[in-house]
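Below is one structure, written out as structure tokens, with a few remarks after it.
Every chain is numbered from 1 and lettered A, B, ... according to where its sequence line falls, protein lines coming before strand lines.
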Amino acid sequence: MTVPLLKVDNLAVEFGPKANPIRVVDGVSFEITAGGAVGIVGESGSGKSITSLSILRLISEPPGRIVQGRIEFNGVNLLELPRSKMPDIRGRDIAMIFQEPMSSLNPVMTIGDQIGEAIKLHEAMTGEERRARVIEMLRLVGIPDPAGRLDAYPHQFSGGMRQRVMIAMALACNPKLLIADEPTTALDVTIQAQVLDLMHKLRRTLNTAVLLISHDLGVIADVCERVVVMYAGRVVEEADIRSIFRTPQHPYTRGLLQSIPRLDDDRDRLYQIPGSVPLAGSVKKGCPFYERCSLRIEKCMNKMPPMFSFGPDQRAACWVTASQADAKEKEAALQ
Amino acid sequence: MTDPIIRVNDLGKTFGSGMRLSLAKQADEVRAVDGCSFEINRSETLALVGESGCGKSTLGRLLLRLIDATAGKVYFENTELTDLPAARMRDMRRHLQMIFQDPYGSLSPRRTIAQIIAEPLDVFGLVRSGRQRRERVADLMTQVGLSPSFMDRHPRQFSGGQRQRIGIARAIAVDPSFIVADEPVSALDVSVQAQIINLMQDLQKQKGFSFLFIAHDLAVVRHIADRVAVMYLGRIVEIGPKKQIYGMPQHPYTQALLSAAPEPDPDRKGKRIILEGDVPSPKRVPSGCSFHTRCPIRQDICGIERPPLREVAPGQLAACHFAKPFPIPRPTSSQAVPA
Ligand SMILES: Nc1ncnc2c1ncn2[C@@H]1O[C@H](COP(=O)(O)OP(=O)(O)OP(=O)(O)O)[C@@H](O)[C@H]1O
Ligand SMILES: Nc1ncnc2c1ncn2[C@@H]1O[C@H](COP(=O)(O)OP(=O)(O)OP(=O)(O)O)[C@@H](O)[C@H]1O
Ligand code: SF4
Ligand code: SF4
Ligand SMILES: [Mg+2]
Ligand SMILES: [Mg+2]
């Protein structure tokens with residue numbers, strides 16, 4: 001087995017007073033191989049952003065803290081590195097882009113200077129070389145007339161162009177992993193299509209691995225090879241993209257897939273998952289989906305289901321579907 | 001057979017044209033809505049789609065006369081709203097309601113749920129006693145799936161989906177015949193979205209109001225609409241029955257928009273039409289066909305002559321000199337997801 005590029009293992013993050021903490025991320029594990037693309041889906045508040053911020057140790061402490069787990073990048077546990085080493089990792093090895101590009105760009109600095117700054121932090125280059133690199137990056141992300149745009153300020157760019165500038169900046173030092181938190185949520189459909197197209201192109205040309213966070217299953221299906229489904233701070237299912245969409249094994253994943261309207265369906269009514277998502281950290285025992293689950297049994301109320309394997313590429317945390325799959329397997333073995 | 005409840009004739013709204021002191025000022029004018037004509041039938045849902053800033057919200061507000069038009073006319077039933085005296089417009093509002101996108105911003109935080117829902121009832125004098133008022137509010141809350149026991153709470157104690165239910169209860173309180181819903185589910189999580197969409201469809205079926213449903217999620221629109229209007233830079237570029245717009249769009253912009261939406265299906269990564277560049281500023285609408293700066297099939301005439309909205313198939317109109325059917329292949333039955 002090769003060492004994965006990134007391995008998140010049993011991560012837990014808490015907020016609030018130590019005496020009475022709220023655990024908003026609990027027991028989260030997943031891996032990304034070099035050049036791979038993994039998506040995290042889940043509803044608002046399910047812990048997607050906190051998980052991704054933890055990877056770069058960007059959780060502000062206090063009020064938050066990582067209380068458990070390992071985050072291995074190329075075999076090195078980032079959580080054990082001295083804090084002073086993290087800025088080297090950020091940008092050079094792992095880059096991150098956020099949902100709202102305007103808040104992450106400096107409004108009083110030109111686009112050219114900002115990307116140049118990002119390069120300067122990690123690579124020794126002459127001013128000339130740096131300038132050439134900036135132009136190259138802007139061209140790569142599809143900014144027309146890149147040399148002429150170096151002196152422009154962020155407000156002179158449209159939302160889609162700013163997001164592409166963010167991507168150019170994130171990729172300027174050729175990181176091995178790009179973490180993108182809802183990179184297209186604020187964009188229009190046709191501009192989103194440009195950015196998704198760009199992500200495909202970058203993966204092909206630079207072999208950058210991607211961790212994509214989104215609540216849009218269409219975006220995830222487009223970009224990712226594997227998917228992590230989060231619910232109330234926990235991973236409830238994790239699988240290759242085809243299994244998630246074709247044979248989802250967690251009742252929440254199934255409900256989610258059935259509740260989205262699709263371009264090709266003619267149902268009169270959408271399926272709706274009853275009730276609402278529990279607040280993060282409010283489920284102390286049993287399965288977090290218990291309140292809303294149509295398959296629940298008594299055991300689910302008191303015992304938290306662990307992750308069960310469903311074939312080589314799929315795992316889900318459900319007592320009932322795991323025993324159903326088990327029964328099917330035994331039946332098949334008997335015949 | 002059509003029975004229009006709303007008729008819109010050459011409607012326009014230009015912002016910033018109040019003080020036309022000099023020609024220089026005109027450069028700052030925003031043509032948010034420009035020459036729109038269409039009808040909405042009784043009990044019908046017309047969906048309005050298009051990219052940010054294309055004028056969807058402005059058009060919705062014009063229909064309810066929440067803002068005044070700078071050109072054209074709007075008729076409700078057979079009354080022209082655009083020139084109705086203020087007093088008569090106030091009475092008319094009982095039939096015309098709105099549901100907003102932002103369930104967080106559109107509800108006043110200091111009032112209770114009961115006060116918020118009852119406000120239109122009070123304005124139009126539809127309840128006589130305090131008791132009748134609470135009964136009516138309780139009834140409305142039940143209809144939108146909220147427990148009446150929450151009546152005296154404040155909006156901040158509710159989730160986004162619950163707040164949207166409150167907004168809907170308020171809109172249906174006066175039994176309107178036409179509702180504009182401006183991106184009512186865009187801010188909600190997927191599973192909450194399904195609940196609200198089902199609720200709105202059920203209520204429409206029961207009460208028979210007509211709907212202008214503004215949205216940018218094309219899959220949501222396909223689910224809820226009877227007909228679809230596609231807007232680009234203040235103009236309607238294509239309008240028609242849902243089946244035709246989604247199955248056989250004729251305007252290149254509609255085609256690009258539909259092909260651009262990523263589908264939640266790993267085996268259906270369709271070929272996308274990637275449009276070049278960004279939407280031009282509505283302060284500088286391109287000449288001729290306003291889509292010509294991004295159109296993949298433009299010809300010389302497109303930059304010169306503005307194409308009129310013309311019928312390209314029964315009930316389907318497109319504004320393009322070179323409109324032609326573009327079948328979007330979609331298998332009719334999607335792979336079933338196990339329940
Ligand atoms: N600074 C904080 N203090 C306390 N709780 C916090 C803080 N930041 C986040 N949380 C909580 O952690 C949980 C997970 O938040 P997170 O931002 O990871 O959600 P998310 O899945 O990214 O949601 P969204 O889709 O809305 O972005 C939420 O319940 C949130 O309220
Ligand atoms: N009160 C106003 N004054 C000046 N310009 C305005 C005003 N309201 C809207 N506009 C402009 O009119 C255009 C259309 O705006 P509108 O809000 O109708 O777009 P929209 O299609 O609803 O966009 P979105 O999808 O972002 O909600 C935009 O360019 C907007 O900036
Ligand atoms: S463990 Fe039980 S409650 Fe949880 S998802 Fe499975 S069946 Fe439902
Ligand atoms: S009129 Fe010309 S530019 Fe406009 S959509 Fe048709 S082909 Fe394209
Ligand atoms: Mg988030
Ligand atoms: Mg709007």
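- The environment of A/E225 atom CD is dense: over 12 non-hydrogen atoms of other residues, nucleotides or ligands sit within 6.0 angstrom.
- Both the backbone and the side chain of B/L275 come within contact range of chain A, judged by heavy atoms closer than 4.5 Å.
- Tested against B/S191, the residues A/R292, A/Q272, A/Q258 include a single side chain to side chain contact (heavy atoms under 4.5 Å, CB included) partner, A/R292.
- Summarising the local packing, CG of A/D145 is surrounded by more than 12 heavy atoms from other residues, nucleotides or ligands at distances under 6.0 Å.
- Salt bridge absent: A/D197 and B/R272 never bring a charged side-chain N and a carboxylate O closer than 4.0 Å.
- No more than 12 heavy-atom neighbours from other residues, nucleotides or ligands sit within 6.0 angstrom of CZ on B/R31.
- Heavy atoms of B/L257 lying under 4.5 Å from chain A belong to its backbone as well as its side chain.
- Annotation: maximal heavy-atom pairing with chain A below 4.5 Å, among B/I273, B/D202, B/I224, B/V221, occurs at B/D202.
- Using modelled atom types, one finds a donor on one side chain and an acceptor on the other under 3.5 Å when comparing B/E51 with A/T190.
- Atoms CZ and CG, from A/R242 and B/D267 in turn, are 4.0 Å apart once rounded to the nearest 0.5 Å.
- Neither the backbone nor the side chain of A/S276 has a heavy atom closer than 4.5 Å to any heavy atom of chain B.
- With B/Q195 contributing its side chain and A/P274 its backbone, the two residues share no donor-acceptor pair below 3.5 Å.
- To the nearest 0.5 angstrom, A/S46 atom OG is 8.0 Å from B/D189 atom CG.
- Using a cut-off of 4.0 Å between Lys/Arg side-chain N and Asp/Glu carboxylate O, A/R246 and B/D265 are scored as salt-bridged.
- Heavy atoms of other residues, nucleotides or ligands lying less than 6.0 angstrom from NZ of B/K243 number 12 at most.
- Within the 4.5 angstrom heavy-atom criterion, no atom of A/P251 approaches chain B.
- Considering CG of A/L270 and CD1 of B/I196, their distance stands at 12.0 Å, rounded to 0.5 Å.
- Scanning for side-chain contact (heavy atoms from CB on, under 4.5 Å) contacts around A/A152 gives A/Q156, A/F157, with sequence neighbours left out.
- For A/E43, the parts sitting under 4.5 Å from any heavy atom of chain B are the backbone and the side chain alike.
- Between the side chain of A/D222 and the main chain of B/P262, no donor-acceptor pair closer than 3.5 Å is present.
- Listed by sequence position, B/H216, B/L218, B/A219 are the residues of residues 207-219 of chain B in contact with chain A, using a 4.5 angstrom heavy-atom cutoff.
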